[in-house]
Visitor: 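The structure under discussion is supplied below as structure tokens; questions concerning it will follow.
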Amino acid sequence: MDGCCLADQTIQIRGWVYRKREGKELIFLVLRDSTGVIQCTVKKNSSAWSDAQKVTIESSLTLEGVAHEDKRAPGGYEVSTESINITGLAETFPIGKDKSEEFIRDMRHLWLRSRKMNLVMKVRNQVFESAREYFNSQKYTEVSPPMFISAAVEGGSTLFGLKYFDQQLYLTQSSQLYLEILMFSLEKVFCIAPSFRAEKSRTIRHLTEYWHMEGEWPFADMNDLMAFEEGLMTHICQSVSEKCEKEFAELGADINKLKAVKAPFPKITYKEAIERLKPKNPALDWGADLGYEDEKVLAEEFGQPFFVYDYPTEIKAFYCKTYQDHPEIAMSVDMMVPRIGEISTGGAREDNKEILIERMKAQGLNPQDYEWYLDLRRYGTVPHAGFGMGVERLIVWMLDLDNIIDAIPFPRTTRRFYP
RNA sequence: GCCGCUGUUGCAUAGCUCGGUAGUGCGACUGACUGUUAAUCAGUAGGUCAAAGGUUCGAGUCCUUUCAGCGGCGCCA
């Protein structure tokens, strides 16, 4: 649709009417397709005139004409129309110039045709592609975990329950435990799959259904984990910045932010984070979880992705491995970015069966509910680590979107699940 | 879970403080005009003011409840 490579040739365009400006002697039709938009002119003496008059915003059509450079046209190129063949004459399109957030959310199925959503979806595609590229380059195997699960990964309060014939099942919150199973066969594994959380969060960074990029691999420690995560993040940012330059420009997003992402990232321990934040938040003592406000303060200071690691065991899940000489500290790490806060959580997993059972009991969980998970420690246990990253949070940060709902085509939030 | 905000025609809004027959822009329709950039000009149609109840001679406006949506915190990726 940029026209330049086909200048002065007769071309055929299949697309939709994006804008229409009508005069007595001349009609301007701006057409859109998946690649972009281009202005087409229809003269009164043309055989296409009556169809051009008839056509409405969002009508689909095939248009034939000569492409040529014209400084007066938006984009610098336009098409002198010779013929139009209307495929689907559109009724009056409901989305116009004046629109509220609420209205375009109700019209999501049509709003996805907008330039903004078109561009964001292309960037999203590139994020998926670049992520897979990196995992594959590091010889990871992509696997397919289940979405229906019979037990919780961590506490049960944020699980979506559902009726499965005559039984109670749940939607998965994380594929981690399933990656751990597959790891014993394939070693380095990853997946990009949905996760579901029944958290009644009312923020611009929560979805009830989001895409979770998770990796798990054997014989890894905290340093391996952070090195892999920063390598992945760097590759995604660099690769997207190279391949989505046009999208970033049209969306008005800052591509230099991505170009600046390079391993290694700043890394601070939880203890250091507390000490840094203490002057601003005197109530913050060792043992308390970092609040969103605290994370934001740190993120503004760093101005780029960074890690916080070695959290108190008490505030982390039962499967987190702890230090032998410091059982009160868990080998857990969060990656944070400005404005969004946490975009990834990972850690070393407890590989000792007895300690794992103790941790379960300490958190009020019944080890019998996790028999298959304990089996993994019975039969050839190995030290291992893994992480999960929220894909939409990553995209929100990259494009500096106002709300996470625009990072996914069909957002599900506590109040919205249509269409 | 806690707190705050919003709801007026297909869309976007004014009017609400301080009660007195609901106004504008976009879109639609009719016409004019034009190398336009979601053009411009003139005209036409379009509203049980989210719902219910209350106060009042009189409620879009004040009070109560409900519904819907948005956001902040908590929780998390």
Visitor: Does any N or O donor sit under 3.5 Å from an N or O acceptor when you compare the side chain of A:Thr41 with the base of B:G35?
Guide: no
Visitor: Please name the nucleotide paired to B:U64 by Watson-Crick or G-U wobble geometry with both distances under 3.5 Å, or report none.
Guide: B:A52
Visitor: Just how far, in rounded Å, is P of B:U40 from CZ of A:Arg19?
Guide: 14 Å
Visitor: Please state whether the phosphate of B:A12, meaning OP1 or OP2, lies under 4.0 angstrom from any side-chain nitrogen or oxygen of A:Lys99.
Guide: no
Visitor: Has the side chain of A:Ser201 got a donor or acceptor atom sitting under 3.5 Å from an opposite partner on the base of B:C75?
Guide: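 Under the 3.5 Å cut-off, the side chain and the base do form a donor-acceptor pair.
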Visitor: Just to confirm, is there a sub-4.0 Å distance from OP1 or OP2 of B:U37 to any side-chain nitrogen or oxygen of A:Arg21?
Guide: no
Visitor: Quick test of the criterion, 5.5 Å between centres and less than 30° between planes. Is A:Tyr210 stacked on B:A77 or not?
Guide: yes
Visitor: Can you tell me which nucleotide in B:U36, B:A12, B:A77 comes closest to the side chain of A:Asp98?
Guide: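 Looking only at heavy atoms from C-beta outward on A:Asp98, the closest nucleotide is B:A12.
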Visitor: Out of B:G72, B:G35, B:C76, which nucleotide sits closest to the side chain of A:Asp70?
Guide: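 Out of B:G72, B:G35, B:C76, the nucleotide with an atom closest to A:Asp70's side chain is B:G35.
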Visitor: Touch check for A:Glu101, heavy atoms < 4.0 angstrom, all strands: base, sugar-phosphate only, or nothing?
Guide: nothing
Visitor: Using distance alone, with no hydrogens and no angle criterion, decide if A:Tyr210 and A:Arg412 have a side-chain donor and acceptor under 3.5 Å apart.
Guide: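 On atom types as modelled, these side chains do not qualify, holding no pair under 3.5 Å.
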Visitor: Which nucleotide in the list B:G35, B:G72, B:C70 gets nearest to the side chain of A:Gln39?
Guide: B:G35
Visitor: Over all strands shown, is A:Glu102 touching base, sugar-phosphate only, or nothing at heavy-atom distances under 4.0 angstrom?
Guide: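 The answer is sugar-phosphate, as A:Glu102 gets under 4.0 Å only of primed atoms, P, OP1 or OP2.
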Visitor: Pick base, sugar-phosphate or nothing for A:Asp334, based on heavy-atom distances below 4.0 Å to the nucleic acid.
Guide: nothing
Visitor: Determine the Euclidean distance between corresponding P atoms of B:C16 and B:U6; express it in Å to zero decimal places.
Guide: 14 Å
Visitor: Measure the distance from CZ on A:Phe103 to P on B:A12 and round it to the nearest whole Å.
Guide: 6 Å
Visitor: Give the nucleotide from the list B:C11, B:A77, B:C73 with an atom nearest to the side chain of A:Ser100.
Guide: B:C11
Visitor: For A:Gly96, which contact category applies under a 4.0 Å heavy-atom criterion: base, sugar-phosphate, or nothing?
Guide: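 Counting heavy atoms under 4.0 Å across all strands, the contact made by A:Gly96 includes a base.
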Visitor: What does A:Gly341 touch in the nucleic acid at a heavy-atom separation under 4.0 angstrom: a base, only the sugar-phosphate, or nothing?
Guide: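 No contact at all - A:Gly341 keeps every heavy atom at 4.0 Å or more from the nucleic acid.
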Visitor: Just by distance, no angles: are the side chains of A:Glu82 and A:Ser47 close enough, under 3.5 Å, to form a donor-acceptor pair?
Guide: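 No pair is found: no donor N or O on one side chain lies under 3.5 Å from an acceptor on the other.
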Visitor: For a quick check of understanding: with a heavy-atom distance under 4.0 Å over all strands, which category does A:Glu22 fall into, base, sugar-phosphate or nothing?
Guide: base
Visitor: What is the distance, rounded to the nearest whole Å, between atom CD1 of A:Ile204 and atom C1' of B:A77?
Guide: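 Atom CD1 in A:Ile204 sits about 14 Å away from atom C1' in B:A77.
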Visitor: Check the side chains of A:Tyr311 and A:Asp334 for a donor-acceptor pair under 3.5 angstrom, ignoring hydrogens and angles.
Guide: yes
Visitor: Measure distances between side-chain N and O atoms of A:Arg202 and base N and O atoms of B:G71, and say whether any donor-acceptor pair falls under 3.5 Å.
Guide: yes
Visitor: Taking only the side-chain heavy atoms of A:Lys97 (C-beta and beyond), determine which of B:C75, B:C26, B:U36 contains the nearest atom.
Guide: B:C26
Visitor: Report the base-pairing partner of B:U13 (Watson-Crick or G-U wobble, both distances below 3.5 angstrom), or none.
Guide: B:G23
Visitor: How many Å lie between CD on A:Glu295 and P on B:C73, as a whole number?
Guide: 11 Å
Visitor: For A:Ile343 and B:C75, give me the distance from atom CD1 to atom P, rounded to whole Å.
Guide: 19 Å
Visitor: If you compare every side-chain N and O of A:Arg205 against the phosphate oxygens of B:C73 (OP1, OP2), does one of them come in below 4.0 Å?
Guide: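 Yes, such a contact exists.
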Visitor: At 4.0 Å (heavy atoms only), tell me whether A:Arg105 reaches a base, stays on the sugar-phosphate, or touches nothing.
Guide: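 Sugar-phosphate only.
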Visitor: At 4.0 Å (heavy atoms only), tell me whether A:Glu91 reaches a base, stays on the sugar-phosphate, or touches nothing.
Guide: nothing
Visitor: Could you tell me whether the side chains of A:Tyr323 and A:Asp310 share a donor-acceptor contact shorter than 3.5 Å?
Guide: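 Result is yes, a qualifying pair exists.
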Visitor: Indicate yes or no: does A:Arg115 engage A:Glu250 in a salt bridge with an N to O separation below 4.0 Å.
Guide: yes
Visitor: Roughly how many Å apart are B:C18 and B:G74, using the C1' atom of each and rounding to a whole number?
Guide: 40 Å
Visitor: Taking atom C1' in both B:C3 and B:C75, what distance in whole Å separates the two?
Guide: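 Per the computed distance, 16 Å lies between those C1' atoms.
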Visitor: Write down the partner of B:A42 under the Watson-Crick or G-U wobble criteria, each distance required to be under 3.5 Å.
Guide: B:U30
Visitor: Which of these nucleotides, B:C76, B:A28, B:C26, is closest to any side-chain atom of A:Thr92?
Guide: B:A28
Visitor: Classify A:Pro74 by what it touches in the nucleic acid, base, sugar-phosphate, or nothing, heavy-atom distance under 4.0 Å.
Guide: base
Visitor: Tell whether A:Glu78 reaches the base of B:G35 with its side chain through a donor-acceptor pair below 3.5 angstrom.
Guide: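 When only heavy-atom distances are counted, A:Glu78 does reach the base of B:G35 through a donor-acceptor pair under 3.5 Å.
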Visitor: When both hydrogen-bonding distances must be under 3.5 Å and the geometry is Watson-Crick or G-U wobble, what is B:G71 paired with, if anything?
Guide: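 By the stated definition (distances under 3.5 Å), B:C3 pairs with B:G71.
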Visitor: Within this structure, what is the NE2-to-C1' distance between A:His212 and B:C76, rounded to whole angstrom?
Guide: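 After rounding, the reported distance stands at 10 Å.
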Visitor: Rounding to an integer number of Å, can you tell me how far A:His206 NE2 sits from B:G74 P?
Guide: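 Whole-Å distance recorded here is 10 Å.
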Visitor: Is NZ or CZ of A:Lys116 both nearer than 6.0 Å to the six-membered ring centre of A:Trp111 and within 45° of the ring axis?
Guide: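 Geometry flag: not set, cation outside 6.0 Å or 45°.
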Visitor: Using the P atom as the reference point in each nucleotide, state the distance between B:A68 and B:U21 in Å, no decimals.
Guide: 34 Å
Visitor: I'd like the P distance from B:C5 over to B:G20, given in whole Å.
Guide: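 Between the two P atoms, the distance is 24 Å.
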Visitor: Taking A:Thr158's backbone N and O only, do any of them form a donor-acceptor pair with A:Gln173's side chain (distance below 3.5 Å, no angle check)?
Guide: yes
Visitor: Rounded to whole angstrom, note down the C1' distance from B:A51 over to B:C33.
Guide: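 The answer is 47 Å between these two C1' atoms.
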Visitor: Verify whether one side chain among A:Glu180 and A:Gln176 offers a donor that lies under 3.5 Å from an acceptor in the other.
Guide: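 Distance-only check passes for A:Glu180 and A:Gln176.
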Visitor: On RNA chain B, nearest-nucleotide positions of A:Ile404 versus A:Arg416: which is more 5'?
Guide: A:Arg416
Visitor: Side chain of A:Lys200: nearest nucleotide among B:C76, B:C70, B:G1?
Guide: B:G1
Visitor: Could you work out the separation of B:U9 and B:A45 based on their C1' atoms and round it to a whole Å?
Guide: 11 Å
Visitor: Determine whether a donor-acceptor pair (N or O, by modelled atom type, separation under 3.5 Å) exists between the side chain of A:Arg108 and the backbone of A:Tyr418.
Guide: no
Visitor: Mind calculating the distance between CG (A:Asn281) and P (B:C73) to the nearest angstrom?
Guide: 14 Å
Visitor: For B:G54 versus B:A12, give the span between their C1' atoms, rounded off to a whole number of Å.
Guide: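 Each nucleotide's C1' atom is 33 Å from the other's.
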Visitor: Hydrogens and angles aside, do A:Glu214 and A:Ser174 bring a side-chain donor and acceptor to less than 3.5 Å of each other?
Guide: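 On atom types as modelled, these side chains qualify, holding a pair under 3.5 Å.
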Visitor: Could you pick out which residue, A:Lys71 or A:Tyr292, lies toward the 5' side of RNA chain B when each is mapped onto its nearest nucleotide?
Guide: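 It is A:Lys71 whose nearest nucleotide is closer to the 5' end.
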Visitor: By the 4.0 Å heavy-atom rule, please label A:Asn403 as base, sugar-phosphate, or nothing.
Guide: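 Sugar-phosphate contact only.
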Visitor: Please work out if A:Thr345 contacts a base, only the sugar-phosphate, or nothing of the nucleic acid, heavy-atom cut-off 4.0 Å.
Guide: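 Answer is sugar-phosphate: A:Thr345 comes under 4.0 Å of backbone atoms only.
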